[in-house]
S.K.: 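Got a structure here, written out as structure tokens. Questions coming.
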Amino acid sequence: MISMNDILKQIEYIPVFNRTAQRALQLLVEDVDHNKEIAEVIKYDPGLTANVLKLANSAYFAHAVEIKDLKGAVNYLGRDKMYQILTLSTASQYFKKLSKGYEMIQGELWKHSISTGIIAEHLSFLEPKVNKSTLFTAGILHDIGKTILSLWVSDLWTDILYLIENQGLDFVEAEKRVLGYTHALVGGAILQRWLFPDDVILAARNHHDSKIHPNPVVRIIRLSDYFAISMGFMSQQDNMLYKGYEDLMDHYKIQTKDLENIFSNSINIIQSVLDDFTAIS
């Protein structure tokens, strides 16, 4: 088993989530019109500025006019899309390396994260009081713990698989038995270190809970995670090795016909965003 000390040491090596982006994200969710201030905050980070403008002019996000500066991006795109762009452009750096043991092909985890975030936004009608942007961020970052635990999972994969196949454990239970920790717990620790809101931290930490969680963001992310896997946006390594989500389907009274609508409303947007990232990377 690995120790929390080992994990904390590895977390220390991860670059802190971009503080400029975090400040801009905070301004975007406030009721006050901060458009000018948001542009002022971002402009002092050249790398972030470049990424924002690239995505702002990409196929999914672009408008009829070419967006040439940050002020134009904020004014033309609106809060929701600016929030998506800032989250995506900042979070993508953590998924650039192959997460051995969790994905067989580099990029699978990132695709799964993007699809989970977009689906979570589309499921916001199930929890009208929850901020859409919070759901999107929580979806994008829910599996961030895998980027750390992959250092050990790849070497101990056969042990994890043995417990799944011979003792009937699901992936998270086997992961905890072999490693001592789950990617969900580690993800929560990372996001706590990065000072993310409690809802986002809870979603990462509890998105594989076997019971219905009292927090609505956790519930939506857990469901979105499952839907993303069902749509084929998954890591080939651990894909369907999780227990079912029938309890949440019952909780929200989701029928088969509802799934068809959710999937059809999400698939084109997911693919468009994935294509945008392929084009600008």
Side-chain angles (χ1 to χ4, degrees), residues 14-15 17-18 20-22 24-25 28 42 45-63 66-68 70 72-74 76-100 102-122 132-147 150 187 190-191 194 196 200 204 221 224-225 227-229 231-237 239 263-281:
I14 304 181
F17 198 90
N18 189 297
T20 301
Q22 277 195 320
L25 291 172
L28 282 165
I42 298 172
D45 187 320
L48 184 60
T49 298
N51 283 336
V52 166
L53 292 178
K54 282 179 184 177
L55 278 174
N57 286 292
S58 62
Y60 172 63
F61 294 103
H63 280 232
E66 181 184 359
I67 296 173
K68 297 181 179 180
L70 291 170
V74 178
Y76 282 114
L77 297 177
R79 292 189 180 194
D80 288 345
K81 283 195 174 181
M82 273 300 297
Y83 198 101
Q84 287 182 332
I85 285 173
L86 282 169
T87 303
L88 288 166
S89 61
T90 306
S92 62
Q93 65 172 307
Y94 302 105
F95 297 89
K96 285 180 178 177
K97 292 182 179 178
L98 177 70
S99 293
K100 295 179 180 178
Y102 290 110
E103 57 181 0
M104 296 178 70
I105 302 170
Q106 197 280 324
E108 288 177 341
L109 190 53
W110 178 231
K111 290 177 181 178
H112 173 71
S113 300
I114 287 177
S115 59
T116 302
I118 290 172
I119 293 168
E121 266 198 325
H122 287 174
K132 283 186 179 181
S133 297
T134 298
L135 291 174
F136 183 77
T137 302
I140 294 293
L141 296 172
H142 76 287
D143 269 343
I144 190 70
K146 289 183 175 180
T147 63
S150 66
I190 293 171
L191 296 178
W194 288 346
F196 268 86
V200 178
I221 297 307
S224 302
D225 179 44
F227 286 170
I229 291 172
M231 292 173 70
F233 297 105
M234 58 190 177
S235 303
Q236 297 298 323
Q237 200 83 328
N239 57 68
F263 289 3
S264 63
N265 289 337
S266 304
I267 187 68
N268 290 335
I269 294 176
I270 292 169
Q271 196 55 59
S272 183
V273 173
L274 291 175
D275 289 344
D276 285 344
F277 264 88
T278 300
I280 69 171
S281 60

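Keep in mind it's a predicted model, so treat the numbers as computed, not measured.
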S.K.: Tell me if a side-chain donor or acceptor on Tyr94 pairs with a main-chain N or O of Pro15 at a distance below 3.5 Å.
M.R.: yes

S.K.: Aromatic ring centroids of Phe136 and Tyr83 under 6.0 Å?
M.R.: no

S.K.: Taking C-beta and beyond as the side chain, do Ser133 and Asp80 meet within less than 4.5 Å on heavy atoms?
M.R.: yes

S.K.: Is any side-chain heavy atom of Met231 less than 4.5 Å from a side-chain heavy atom of Ile119?
M.R.: yes

S.K.: Using only atom types and a distance under 3.5 Å, with no angle test, would you say the side chain of Thr137 pairs donor to acceptor with the backbone of Thr134?
M.R.: no

S.K.: So does Leu109 get a backbone contact from the side chain of Ser113, meaning a donor-acceptor N/O pair under 3.5 Å?
M.R.: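 Present.
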
S.K.: Does Ser89 use its side chain to pair, donor to acceptor, with the backbone of Leu86 at less than 3.5 Å?
M.R.: yes

S.K.: Tell me whether Lys81 forms a cation-pi arrangement with Tyr60, defined as NZ or CZ under 6.0 Å from the six-membered ring centre and within 45 degrees of its axis.
M.R.: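 Positive - Lys81 is close enough to the ring of Tyr60 and near enough to its axis.
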
S.K.: Run the ring pair (Phe, Tyr, Trp, His ring centres under 6.0 Å) test against Phe95 and tell me which residues pass, sequence neighbours left out.
M.R.: Trp110

S.K.: If we only count heavy atoms from C-beta on, is the Thr116 to Ile140 side-chain gap below 4.5 Å?
M.R.: no

S.K.: Quick one: salt bridge (charged side-chain N to carboxylate O under 4.0 Å, His left out) partners of Asp225, sequence neighbours excluded?
M.R.: none

S.K.: Hey, which of Leu70, Thr87, Val74 is the one that makes side-chain contact (heavy atoms from CB on, under 4.5 Å) with Met82?
M.R.: Val74

S.K.: Locate the shortest heavy-atom distance separating Ala56 from Leu77; write the atom from each residue and the value.
M.R.: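 Between these two residues, the closest heavy atoms are CB-CD1, 3.7 Å.
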
S.K.: Quick one: pull up NZ in Lys111 and CD in Gln106 and give me the separation to the nearest 0.5 Å.
M.R.: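 Those atoms lie 9.5 Å apart.
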
S.K.: Are the side chains of Ile14 and Trp194 in contact, using a 4.5 Å heavy-atom criterion?
M.R.: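 Contact flag for Trp194/Ile14 side chains = yes.
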
S.K.: Can you tell me if Asn18 uses its side chain to pair, donor with acceptor, with the backbone of Ala21 under 3.5 Å?
M.R.: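 Side chain of Asn18 to backbone of Ala21, a donor-acceptor pair under 3.5 Å: yes, one is there.
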
S.K.: Do His122 and Leu135 have side chains that get closer than 4.5 Å, going by heavy atoms?
M.R.: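 Result no, sub-4.5 Å side-chain heavy-atom pair not found.
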
S.K.: What closest approach, in Å, do Ala91 and Leu141 show between heavy atoms, and which atom pair accounts for it?
M.R.: CB-CD2, 3.9 Å

S.K.: Is a side-chain donor or acceptor of Glu108 paired with a backbone partner of Phe233 at a separation under 3.5 angstrom?
M.R.: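 Not confirmed, Glu108 side chain does not pair with Phe233 backbone.
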
S.K.: Can you find a heavy atom in the side chain of Phe61 that is under 4.5 Å from one in the side chain of Asn57?
M.R.: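 Result no, sub-4.5 Å side-chain heavy-atom pair not found.
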
S.K.: Measure from the side-chain N and O atoms of Ser58 to the backbone N and O of Leu55, and report whether any donor-acceptor pair falls under 3.5 Å.
M.R.: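 Confirmed, Ser58 side chain pairs with Leu55 backbone.
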
S.K.: Partners of Lys132 by side chain to side chain contact (heavy atoms under 4.5 Å, CB included), sequence neighbours excluded?
M.R.: Glu121, Ser124

S.K.: Do the side chain of Glu103 and the main chain of Ser99 share a donor and acceptor less than 3.5 angstrom apart?
M.R.: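 A pair under 3.5 Å: yes.
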
S.K.: For Ile144, does its backbone N or O pair with a side-chain atom of Thr147 as donor and acceptor, under 3.5 Å?
M.R.: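 Checking the backbone N and O of Ile144 against the side chain of Thr147, a donor-acceptor pair under 3.5 Å is found.
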
